[in-house]
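Notes for the one structure printed next.
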Amino acid sequence: MSRIVILGAGTAGTIMANRLRRRFADGVKDGTTSITVVDQDDVHVYQPGLLFVPFGIYDADDVVRPRGKQLHDGIGYVQAAVERVLPAEREVELGNGTRLSYDVLIVASGTRIAPEETDGLTGPGWGETMFEFYTVEGARALGEKLATWPGGRLVINIVEMPIKCPVAPLEFAFLADWFFAQKGMRDRVQISYVTPLDGAFTKPVCTQVLGHLLEDKRVELVTEFNAGRVDGEAGILASWDEREVPFDLLVSVPLHQGAEFVKRSEGLGDDYGFVRTDLHTLQSRCAPEIFAIGDAADVPTSKAGSVAHFEAEVLEDNIARFLAGEPLVPAYDGHTNCFVETGYDKALLLDFNYDTEPLPGKFPFATIGPMKLLEATYANHLGKLAFKWLYWNVLMPGHDIPAVGAQMSMAGKQPVLQDS
Ligand SMILES: Cc1cc2nc3c(=O)[nH]c(=O)nc-3n(C[C@H](O)[C@H](O)[C@H](O)COP(=O)(O)OP(=O)(O)OC[C@H]3O[C@@H](n4cnc5c(N)ncnc54)[C@H](O)[C@@H]3O)c2cc1C
């Protein structure tokens, strides 16, 4: 009997459960394999869609579906909060006091925003002049605010890295520029992008090639700004080194942390609650039968849905190998793929891994594309919109994406820019 337990039924947990269900179809049928997924609620959010909610492009209801319905027949679903993992006993303790035993444990508990960790952020002005768009409630509230906002100083701030989808705040700035232009009030809005990084993007080549985008869209860039405190009443965002940025409307991307239970589970995570994980096999550093996937893992690549999907292809094989007593394959290369919406019905596409920065070129086919890397095009924008359909109908059921493998391909890429 092999008991596989997955903690989290978001992007990564759902993909993994459905892939393993297919892989171990015979075992599930004859009762020698069980797959159980645990999550604290029944609201699966298509998080990339949250970006569009504040601008009225998607309604908040468009991005949510019930969790259990995304899981194939034969997968057990337990709705409960995870209290802690007990690696020595190979058990998971749930909030209701019950325990689940496992032979393989997959931690897919993601990351969550912690606005309360920044002094003043959730104080006076929170929900009035200070917002976030990383939750359904936050995105909806910000949408209501933007619909009637008369203009002023709009500040978009990343409190600290890592965050999920590191390009989402930039996309927000680009869409804000477009949104206010369409409303005929762009001249009444000053947009500032305030980041702890030394450039707009996390990757140097991107920053070099795409730095002009912010200038083109009249978005002021404030770099190396480590937010320490916010005064909602005075409308001031202050850094630890006492620099100040005034705002009329603050869109914060708050500090991110891993799930609390990871911190409570001996040896499992780091101080932020991310699971200490091997970069290439996705086995935890805590115990051989524990693995991590998606935002929950501390691997140094983007926290993105595409990462969860590529990791799942590798992890599915490694779980099968582990259960068969075979050595794991160090096959995950950090592959990340993301669309960056730039407004005006255009988007960029980035494709990179642990070793190779995003490069220009064509994707996924070397000759025909049809998408272009590091270039704002309409085809890329269509790709971004199509991702929603792909998410629910291809990724969540645990299928591969045609022509896009788990490992990054150099086909169609032009390596020349990396040294320039
Ligand atoms: C605004 C925004 C835009 C984005 N845009 C993109 C994009 O364009 N492309 C892209 O690839 N990615 C994008 N992402 C990132 C992507 O959505 C995430 O990286 C992805 O969802 C991570 O999947 P996950 O399964 O690791 O975490 P999640 O999907 O967050 O799932 C984690 C699950 O664990 C559960 N959980 C946590 N703690 C407990 C507990 N104690 N007990 C029980 N259950 C628990 C949670 O309820 C949750 O369901 C975006 C994210 C945001 C917020």
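Just follow the structure's listing: the first ligand is 1, and inside any ligand the first atom is 1.
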Open item on the list: What protein heavy atom lies closest to atom 37 (C) of ligand 1? Include the residue and the distance to one decimal.
Closed with: Ser109 O, 3.3 Å

Open item on the list: So, 4.0 Å and heavy atoms of Glu171: is ligand 1 close enough to count as a contact?
Closed with: no

Open item on the list: Nearest non-hydrogen contact with atom 1 (C) of ligand 1 belongs to which option: Phe133, Phe310, Phe387, Tyr391?
Closed with: Phe133

Open item on the list: Taking the basic N atoms (NZ, or NE/NH1/NH2) and the acidic carboxylate oxygens, is any pair closer than 4.0 Å for Arg140 and Asp61?
Closed with: yes

Open item on the list: Salt bridge check, Asp103 against Arg3: does any charged N sit closer than 4.0 Å to a carboxylate O?
Closed with: yes

Open item on the list: Does the Lys NZ or Arg CZ of Lys145 fall within the cation-pi geometry relative to Phe131 - under 6.0 Å from the ring centre and within 45° of the axis?
Closed with: no

Task: Residue and atom name of the nearest protein heavy atom (relative to atom 44 (N) of ligand 1), distance in Å to one decimal - done: Gln40 N, 3.3 Å

Task: Nearest protein heavy atom with distance in Å, relative to atom 22 (C) of ligand 1 - done: Asp295 OD2, 3.1 Å

TODO: Starting from atom 47 (O) of ligand 1, find the nearest protein heavy-atom neighbour and note its residue, name and distance.
DONE: Asp39 OD1, 2.8 Å

Scan the side chains in residues 114-123 for donor-acceptor partners under 3.5 Å anywhere in the protein, sequence neighbours excluded, and list what turns up.
none

Open item on the list: Any salt bridge linking Asp317 with Arg23? Criterion: basic side-chain nitrogen under 4.0 Å from a carboxylate oxygen.
Closed with: yes

Task: Closest protein heavy atom to atom 12 (N) of ligand 1, given as residue, atom name and distance to 0.1 Å - done: Gly305 N, 3.0 Å

TODO: Give the single entry among Ala297, Pro169, Cys165 that approaches atom 50 (C) of ligand 1 most closely by any heavy atom.
DONE: Cys165

Task: Shortest protein contact, atom 8 (O) of ligand 1 (heavy atom only) - done: Lys384 NZ, 3.1 Å

- [ ] Report the residue from Trp149, Phe180, Phe172 that forms a ring pair (Phe, Tyr, Trp, His ring centres under 6.0 Å) with Phe55.
- [x] Phe172

TODO: Tell me which protein heavy atom sits closest to atom 20 (C) of ligand 1, plus the residue, atom name and distance to 0.1 Å.
DONE: Thr11 OG1, 3.5 Å

TODO: Around atom 28 (P) of ligand 1, find the nearest protein heavy atom and jot down its residue, atom name and distance.
DONE: Gln47 NE2, 3.7 Å

Open item on the list: Give me each pair satisfying ring pair (Phe, Tyr, Trp, His ring centres under 6.0 Å) with a member in residues 199-229, each pair once, sequence neighbours excluded.
Closed with: none

